[in-house]
Novice: 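Here's a structure for you.
Letters A, B, ... mirror the listed sequences (proteins, then strands); counts begin at 1.
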Amino acid sequence: MLSGKELDERAMLEELGRLIRERDPDVIEGHNLFRFDLEYIEARARRHRVPLAWGRDGGPLRGHASRMQVAERTIAYRRYEVHGRHLLDTWVLVQHYDVSARDLESYSLKDVALHFGLADPGRTYIDGDRISACWDADSERVLAYAFDDVRETRAVADLLARPYFVEAQVFPYPYQTVVLRGNATKIDGLLLREYLRRRRAIPLPSPARPFAGGYTAIFCQGVARNVLHADVTSLYPSIMLTFSVFPAKDELGVFPLLLRDLREYRLAAKALARRAEEPEARSYAAALQQTFKVLINSFYGYLGFPMGHWNDYEAAERVTATGRELIGKVVTWLRTRGAVVVEIDTDGLYLVPPPEVRTEEEAERFMAEAAAILPEGIRLEQEGVYPAMFSYKMKNYALLDPDGRLVIKGSGLRSRGLERFQRAWMEEMFRLLLSGEAEAIPGLVQRYLDDFARHRLDVRMFMKTETLQDSLETYREKVRARRRNPAAPYELALGSERPYQPGDQVSYYVTGEGVKVKVHEAARLATQWDPARPDENVAYYQAKLLNLWEKFRPLVEHGRLLPLEEGEAEEDGGPGEGVVE
DNA sequence: GCTAGCTGATGCCCG
DNA sequence: AACGGGCATCAGCTAGCG
């Protein structure tokens, strides 16, 4: 026997099919379409024996287990296909966006909409676990909520999907697939298409091997004033085109043709972005330009891509070696001219110009002289001037720009692996330090210590959010075999009632007494924190703050730029270095 | 018996 | 399933201490 509610559900599933056939969409968009909505609909449809004949040929919705890689994240999802239509998950778009922006705290539709300023202040909100109960009590409210979700999903897609729509016209992959594939795979598709068209044999991928990357070094720590930032525009693509570093297996010479075409396409988009009058057209062209920039840079990555049929590790190594040599020359020239190079990373560097370079014009002339030592086709450009910089470690620094904005870079300073209070404290600390108010920093430390002592901070300030990489089974197996240590997010996921899969996030905080607690034993889910009975481990969090302060204190108290000795200057992969084993 | 310091795994970030 | 390079955290281990 079916209850009234279940009859409703069957009717809705049938209505959904009717709607899809009637409206006949090319694209079906949804937030968490693959990882939730379709799985849910599929399960309910199976239960009610309602066929999901959504295809243009009347064919069914089909799903199979799949994984995708987005930077360091491995995401398990159920991949769905339906004949003649494209299924687009805005959650996946958000993942791609966040790889370069890294400014999202959560990937939920509501948080994403708020982040991008797409949320209507008057929209309906219902807690996820209360939707079912709310449906029974007030179905109108749930419908309003769902419709607000639809509006926000549409807005997110509008913001993030268009570059992929363009990609679908460039690559031999459908719109839906272009969103789910990595860039190297798409480049391989271009080469494959051309070789097949010309009826040429496809080479086998060469076996993967390690090779050295970019030149990264820190030469000074602490506070620097009047800092210039210069970088080589599109270093690796420029090296490939200038020195003809292309895959040896590419007998037809398709790779350089593609690279040149895409570069021109990007420059055209960039010009369009500048020229466009409508803000809409401008932001679209800018997004386009950004997509093609990433794509062009992926041509170097393709050389070292294990699955690429035309991959070439020798060529990849030549690209990075040339890059190290070129940027190394710039460093040498700058030093001979009396500049202090603060840090360098692959294609760019931060420096304090020599004392005789005072005005902006002098700085530009100075950098133009530096640029002149590089060969034709390699362009060194001045990217910015910063009144103050705090250099901490390789790839870790804070900048104060001329408009007083603070820019923080590096995993040690802005990682979401750090609790929010640590990031917030660092931001306030760097601002004081760089604007010449270092004496106020001890007071800042004390304020945060007091905040903890008096439980003035919300759980959001001290919880940690981590993404599960392994499945819970894999994790359990690894821990059992002592191939990894127990970790809090997995232990909490194991103890939780709701199911977890790789790619899901877990937010937790630490309870207990004293500094020496084992995190994976004292951790609780952030949702379990009760502001009326705050049980966070005050000593633990206070110690974290003090440790953080201790790391910066010597540099703050020293106050000036501190050159690192040659031995300390962590040089790695410097010019002339060989393969990293 | 205890702890500082090391090691390896993991997660996140830079270009 | 783009690349290499780097930092922080955590847990477990161990050398060296009292």
Side-chain angles (χ1 to χ4, degrees), chain A residues 66-75 98-103 180-188 205 208-218 231-232 234-236 293-308 311-313 315-317 319-321 323-324 327 343-349 383 392-397 408-419 422 464-470 475 478-479 482-491 505-506 510 516-523 544 547-548 551 570-574 577 579-580:
Chain A
S66 187
R67 316 186 106 193
M68 67 179 298
Q69 194 76 35
V70 179
E72 67 280 342
R73 290 182 269 247
T74 307
I75 297 159
D98 195 49
V99 167
S100 51
R102 297 202 185 260
D103 56 4
L180 302 171
R181 295 277 196 227
N183 282 332
T185 307
K186 294 178 212 167
I187 291 169
D188 203 51
R209 68 160 170 93
F211 62 96
Y215 181 13
T216 306
I218 178 166
D231 71 7
V232 178
S234 306
L235 177 66
Y236 287 171
K293 182 182 175 178
V294 172
L295 206 56
I296 289 161
N297 279 322
S298 303
F299 272 68
Y300 149 72
Y302 178 83
L303 296 175
F305 175 41
M307 305 298 273
N311 63 357
D312 186 337
Y313 289 89
E317 187 150 51
V319 171
T320 58
R324 294 193 299 268
I327 205 84
E343 84 124 49
I344 166 174
D345 191 356
T346 310
D347 59 357
L349 38 82
E383 270 290 294
Y392 179 51
K393 293 192 174 172
M394 271 190 240
K395 297 173 190 276
N396 284 268
Y397 54 85
I408 298 175
K409 296 278 187 176
S411 65
L413 308 183
R414 59 170 288 178
S415 169
R416 279 163 298 188
L418 299 166
E419 298 86 348
Q422 299 211 53
K464 241 186 203 186
T465 301
E466 283 178 57
T467 309
L468 301 184
Q469 300 285 356
D470 287 331
Y475 166 77
K478 280 189 185 174
V479 171
R482 301 202 165 216
R483 279 169 50 228
R484 69 161 292 165
N485 292 326
Y490 288 95
E491 294 300 325
Q505 291 182 307
V506 179
V510 175
K516 289 188 177 181
V517 291
K518 276 193 178 145
V519 173
H520 74 271
E521 287 168 2
K544 276 207 153 184
N547 282 335
L548 190 64
K551 293 198 296 186
E570 315 266 324
E571 268 191 67
D572 205 276
E577 287 240 335
V579 179
V580 175

Novice: If you measure only the distance, is there a donor-acceptor pair under 3.5 Å linking the side chains of A:Tyr302 and A:Asp188?
Specialist: yes

Novice: Mind calculating the distance between NZ (A:Lys516) and P (C:dC10) to the nearest angstrom?
Specialist: 15 Å

Novice: Identify whether any heavy atom of A:Gly301 sits under 4.0 Å from a base atom; if not, whether one sits that close to sugar-phosphate; answer base, sugar-phosphate or nothing.
Specialist: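 Result for A:Gly301 = base.
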
Novice: Would you please confirm or rule out a distance under 4.0 Å between OP1 or OP2 of C:dC7 and any side-chain N or O of A:Lys551?
Specialist: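 No.
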
Novice: Would you mind reading off the distance between A:Arg482 atom CZ and B:dA9 atom C1', rounded to a whole angstrom?
Specialist: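 So the CZ-C1' distance, A:Arg482 to B:dA9, works out to 15 Å.
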
Novice: Measure from the side-chain heavy atoms of A:Ser411 and tell me the nearest of B:dC14, C:dA2, C:dC7.
Specialist: C:dC7

Novice: Is there a side-chain polar atom (N or O) of A:His520 under 4.0 Å from OP1 or OP2 of C:dC10?
Specialist: no

Novice: Which heavy atom of A:Gly213 sits nearest to which heavy atom of A:Thr320, and what is that distance?
Specialist: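 The answer is O-CB, 3.6 Å.
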
Novice: Does A:Arg416 have a side-chain nitrogen or oxygen under 4.0 Å from the phosphate oxygens OP1 or OP2 of B:dC13?
Specialist: yes

Novice: Checking contacts here: which listed nucleotide (B:dC14, C:dC7, C:dC3) is nearest the side-chain heavy atoms of A:Phe211?
Specialist: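 It is C:dC3.
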
Novice: Answer yes if the side chains of A:Tyr490 and A:Glu466 hold a donor-acceptor pair under 3.5 Å, and no otherwise.
Specialist: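 Judged by distance alone, the side chains do not pair up.
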
Novice: Side chain of A:Arg484 only, heavy atoms from C-beta on: which candidate in B:dC14, B:dA9, C:dC13 is closest?
Specialist: B:dA9

Novice: Looking only at side-chain atoms of A:Met307, point me to the closest of C:dA1, C:dT9, B:dG15.
Specialist: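 Among C:dA1, C:dT9, B:dG15, the one nearest the side chain of A:Met307 is C:dA1.
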
Novice: For a quick check of understanding: with a heavy-atom distance under 4.0 Å over all strands, which category does A:Thr185 fall into, base, sugar-phosphate or nothing?
Specialist: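 Since only primed, P, OP1 and OP2 atoms lie under 4.0 Å of A:Thr185, the category is sugar-phosphate.
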
Novice: Within the 4.0 Å heavy-atom criterion, would you say A:Lys464 contacts the bases, only the backbone, or no part of the nucleic acid?
Specialist: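 Sugar-phosphate contact only - A:Lys464 comes under 4.0 Å of backbone atoms but never of a base.
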
Novice: Please work out if A:Tyr300 contacts a base, only the sugar-phosphate, or nothing of the nucleic acid, heavy-atom cut-off 4.0 Å.
Specialist: base

Novice: When we call it a touch if two heavy atoms are under 4.0 Å apart, what does A:Arg181 touch: a base, just sugar-phosphate, or nothing?
Specialist: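 If one applies the 4.0 Å heavy-atom cut-off, A:Arg181 turns out to touch the sugar-phosphate alone, with no base involved.
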
Novice: Do any side-chain nitrogens or oxygens of A:Lys409 fall under 4.0 Å of OP1 or OP2 in B:dG15?
Specialist: yes

Novice: Within this structure, what is the CD-to-C1' distance between A:Gln422 and B:dG11, rounded to whole angstrom?
Specialist: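 The distance from CD of A:Gln422 to C1' of B:dG11 comes to 15 Å, rounded to the nearest Å.
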
Novice: Give one of base, sugar-phosphate or nothing for A:Tyr397, where a contact means two heavy atoms less than 4.0 Å apart.
Specialist: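 Result for A:Tyr397 = sugar-phosphate.
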
Novice: Give A:Lys186 one of three labels, base, sugar-phosphate or nothing, depending on what nucleic acid heavy atoms sit under 4.0 Å from its own.
Specialist: nothing

Novice: For A:Thr467, which contact category applies under a 4.0 Å heavy-atom criterion: base, sugar-phosphate, or nothing?
Specialist: sugar-phosphate

Novice: How many Å lie between CG on A:Asn485 and P on B:dG11, as a whole number?
Specialist: 12 Å

Novice: Report the nucleotide, chosen from B:dG11, C:dA11, C:dC3, that has the shortest atom-to-atom distance to any side-chain atom of A:Glu466.
Specialist: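 Among the listed nucleotides, the one closest to the side chain of A:Glu466 is B:dG11.
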
Novice: DNA chain B: A:Asp347 or A:Lys478, which has the more 5' nearest nucleotide?
Specialist: A:Lys478

Novice: A:Arg102 has an atom CZ; how far is it from atom P of C:dG6, in whole Å?
Specialist: 17 Å

Novice: For the pair A:Arg102 and A:Glu72, find out whether any cationic side-chain nitrogen is under 4.0 Å from an anionic carboxylate oxygen.
Specialist: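 Salt bridge between A:Arg102 and A:Glu72, a charged N being under 4.0 Å from a carboxylate O: yes.
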
Novice: Just to be sure I understand the rule, does A:Arg67 reach a base, reach only the sugar-phosphate, or reach nothing, if contact means heavy atoms closer than 4.0 Å?
Specialist: nothing

Novice: Please state how far atom CZ in A:Arg324 lies from atom P in C:dG5, giving the value in whole angstrom units.
Specialist: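 Rounded to the whole Å, the gap is 8 Å.
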
Novice: Check every strand shown and say whether A:Tyr475 touches a base, only sugar-phosphate, or nothing at a heavy-atom separation below 4.0 Å.
Specialist: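 The residue A:Tyr475 makes no contact with any strand.
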
Novice: Quick check for you: among B:dA9, C:dA2, B:dC14, whose closest atom lies nearest to any side-chain atom of A:Asp345?
Specialist: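 For the A:Asp345 side chain, the nearest candidate turns out to be B:dC14.
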
Novice: What is the separation between atom CZ on A:Arg73 and atom P on C:dA2, rounded to the nearest whole Å?
Specialist: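 Spelled out: CZ on A:Arg73 to P on C:dA2 is 14 Å.
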
Novice: If the threshold is 4.0 Å, N to carboxylate O, is there a salt bridge linking A:Asp103 and A:Arg416?
Specialist: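 No.
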
Novice: Between A:Lys518 and A:Glu491, does at least one N-O distance fall below 4.0 Å, as a salt bridge requires?
Specialist: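 Result for this pair is no, no salt bridge flagged.
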
Novice: Heavy atoms only: give me the nearest A:Gly348-A:Asp231 pair and the separation to one decimal.
Specialist: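 Closest approach of A:Gly348 to A:Asp231, heavy atoms only: CA-CB, 3.5 Å.
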
Novice: Nearest to the side chain of A:Glu72, which nucleotide is it out of C:dA8, B:dC12, C:dC10?
Specialist: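 For the A:Glu72 side chain, the nearest candidate turns out to be B:dC12.
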
Novice: Starting at atom CE of A:Met394, determine the distance to atom P of B:dC14, rounded to an integer number of angstrom.
Specialist: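 After rounding, the reported distance stands at 15 Å.
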
Novice: Counting only side-chain nitrogens and oxygens, does A:Tyr490 get under 4.0 Å of the OP1 or OP2 atom of B:dG11?
Specialist: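 So the side chain of A:Tyr490 is within the cut-off, an N or O lying under 4.0 Å from OP1 or OP2 of B:dG11.
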
